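Remarks on the structure that follows.
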Amino acid sequence: MKLLFTITIPVEPFNTLARSGAAGPKMGAILEATKPESIYFTGSGSGRGAVVVYDVADGSQIPSLAEPWFLSFNAQIEYSVAITPQELMSSGLEELVKKWS
């Protein structure tokens, strides 16, 4: 399944890490360790941000993907699960509608 992280990285400690030359290596280490399917850097309301897509087997992988961001950058993460159109088609939605309507 796809796991979407919306990450907010506060201005501090990122500015201090960037000035010391440590931000890039830390970011590189996180990306190497967590191997995202894709990542897009963006702004956020309270700092720098990123949207990251991970391909995971189950929810037990969330801590190993989130903790590097928390510990390295004091980041905040909102996450959600996304499914493909094929997964939606095979979900049995029609039967669920009949059962719960």
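These numbers were taken from a predicted model, which means no experiment stands behind them.
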TODO: Test Phe41 against Met27 for side-chain contact (heavy atoms from CB on, under 4.5 Å), laying out the working first.
DONE: CA-CA 12 Å; Phe41 295 97; Met27 185 75 64; 3.9 Å; yes
Less than 3.5 Å apart, which donor and acceptor atoms pair up between the side chains of residues 70-78 and the rest of the protein, not counting sequence neighbours?
unit_1, atom_1, unit_2, atom_2, d
Ser72, OG, Pro68, O, 2.9

**Item:** Any side-chain heavy-atom pair of Leu4 and Thr6 under 4.5 Å
**Value:** no
Between Gly21 and Pro25 the two heavy atoms that sit nearest each other are O-CD, 3.2 Å
*Between the main-chain N or O of Gln86 and the side-chain N or O of Ser90, is there a donor-acceptor pair closer than 3.5 Å?*
yes
On a heavy-atom basis, the closest approach of Glu12 and Arg19 is OE2-NH1, 4.0 Å
Output for pair (Ile30 CD1, Leu65 CG), nearest 0.5 Å, gives 11.0 Å
Nearest heavy-atom approach of Pro63 to Ser60 is CD-O, 3.4 Å
When every non-hydrogen atom of Val52 is compared with those of Pro36, the smallest separation belongs to CG1-CB, 3.4 Å
CG of Leu3 to OH of Tyr54, rounded to nearest 0.5 Å, is 8.5 Å
| request: Give the cluster check for Val56 versus Val81: same hydrophobic cluster or not, with ILVMFWY residues linked at side-chain heavy-atom distances below 4.5 Å. | output: yes
Tightest non-hydrogen contact, residues Ile62 and Phe5, listed as O-CZ, 4.4 Å
Given side chains that start at C-beta, do those of Leu88 and Pro85 come closer than 4.5 Å, heavy atoms only? no
Rounded to the nearest 0.5 Å, the OG1 atom of Thr8 sits from the CZ atom of Arg48 at a distance of 12.0 Å
Discussion item. I'd like to know if the side chain of Glu67 and the backbone of Ser64 have a donor-acceptor N/O pair within less than 3.5 Å.
Written reply: no
NZ of Lys2 to CD1 of Ile83, rounded to nearest 0.5 Å, is 12.5 Å
Would Ile7 end up clustered with Leu17 when hydrophobic side chains under 4.5 Å apart are linked, directly or stepwise? yes
_Using only atom types and a distance under 3.5 Å, with no angle test, would you say the side chain of Lys35 pairs donor to acceptor with the backbone of Glu32?_
yes
**Asked** Does Ser101 use its side chain to pair, donor to acceptor, with the backbone of Lys98 at less than 3.5 Å?
**Response** no
Give the cluster check for Phe14 versus Leu31: same hydrophobic cluster or not, with ILVMFWY residues linked at side-chain heavy-atom distances below 4.5 Å.
yes
